[in-house]
**Q** 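Handing you a structure now.
Each residue takes its place number in the sequence, starting with 1.
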Amino acid sequence: MGLSLSVNGDRLASTADPATPLVDILREELHLTGAKPVCREGFCGACMVLIDGTPRPSCLTPAALAEGCEIRTVEGLATRGQLNRIQAALEASDAVQCGMCFPGMVVSLTHLLATTPDATREDIRAALTGNICRCTGYERIIDATLLALATR
């Protein structure tokens with residue numbers, strides 16, 4: 001029995017057990033390594049992906065529950081090589097971090113920009129609640145998000 005997944009706009013097949021965490025299929029079979037299985041408890045946000053547009057920790061998502069859904073990883077956020085608004089603002093603001101938690105933050109902030117076009121500093125902080133970073137105080141990331149919001 002196989003799984004059929006839609007990842008970053010592509011239909012992909014997996015022979016993994018349906019109970020396999022989605023993050024493992026993304027990384028090991030599909031070689032999409034942006035989502036990181038850091039805590040495997042859904043606490044840190046490093047494995048965040050969008051499932052039908054909503055941020056979800058892929059370490060806690062059995063692959064079978066993602067079947068029939070549109071999965072977007074950090075690798076699928078740019079369009080035809082163009083960074084999305086938050087990616088461009090983070091780069092312009094020199095707010096890019098080490099890479100362990102950062103892809104999950106980009107996924108969460110992409111969702112915020114799509115759903116809350118008038119987000120405030122407090123909205124941004126709330127959107128990042130599920131993303132733990134050991135490298136930053138978050139302020140440059142929040143400032144970059146405000147810049148992205150201003151460049152609609």
**Q** Between Asp52 (side chain only) and Glu70 (backbone N and O only), is there a donor and an acceptor less than 3.5 Å apart?
**A** yes
**Q** Report all side-chain donor-acceptor pairs from residues 21-30 shorter than 3.5 Å, counting only partners two or more places apart or in another chain.
**A**
residue	atom	partner	partner atom	Å
Asp24	OD1	Arg40	NH1	3.2
Asp24	OD1	Arg40	NH2	2.7
Asp24	OD2	Arg40	NH1	3.4
Arg27	NH1	Thr33	O	2.7
Arg27	NH1	Ala35	O	2.9
Glu29	OE1	Ser14	OG	2.9
Glu29	OE2	Ser14	OG	3.0

**Q** Can you confirm whether Thr145 sits close enough to Ile142 that some side-chain heavy atom of one is under 4.5 Å from a side-chain heavy atom of the other?
**A** no
**Q** Between Ser93 and Asp143, is any pair of side-chain heavy atoms under 4.5 Å apart?
**A** no
**Q** Evaluate the side-chain proximity of Leu109 to Ile141: yes if any heavy-atom separation is below 4.5 Å, no if none is.
**A** yes
**Q** Taking Asp17 for the side chain and Ala19 for the main chain, is one N or O donor matched with an acceptor at less than 3.5 Å?
**A** yes
**Q** Report yes if the side chains of Cys59 and Glu41 come closer than 4.5 Å at any heavy-atom pair, otherwise no.
**A** no
**Q** Working note: Leu113 + Leu149, criterion side-chain contact (heavy atoms from CB on, under 4.5 Å); need CA distance, chi angles, decisive distance, verdict.
**A** CA-CA 7 Å; Leu113 267 61; Leu149 287 162; 4.1 Å; yes
**Q** Dump the intermediate steps for side-chain contact (heavy atoms from CB on, under 4.5 Å) on Leu128 and Leu112, then the final yes or no.
**A** CA-CA 9 Å; Leu128 291 174; Leu112 175 71; over 6 Å; no
**Q** Has the side chain of Asn131 got a donor or acceptor atom that lies under 3.5 Å from a matching backbone atom of Cys101?
**A** no
**Q** Examine distances only and state if a side-chain atom of Gln87 and a backbone atom of Val106 form a donor-acceptor pair shorter than 3.5 Å.
**A** no
**Q** State whether the number of non-hydrogen atoms from other residues, nucleotides or ligands found under 6.0 Å of Glu139 atom CD is greater than 12.
**A** yes
**Q** Looking at Asp123 and Thr120, would you say the former's side chain and the latter's main chain have a donor-acceptor pair under 3.5 Å?
**A** yes
**Q** Taking the side chain as every heavy atom from C-beta outward, state whether Arg11 and Ser6 have any atom pair closer than 4.5 Å.
**A** yes
**Q** How about Leu65 and Ile51: do any of their side-chain heavy atoms sit closer than 4.5 Å?
**A** no
**Q** For Arg134, I'd like to know if atom CZ has over 12 heavy atoms of other residues, nucleotides or ligands within 6.0 Å.
**A** no
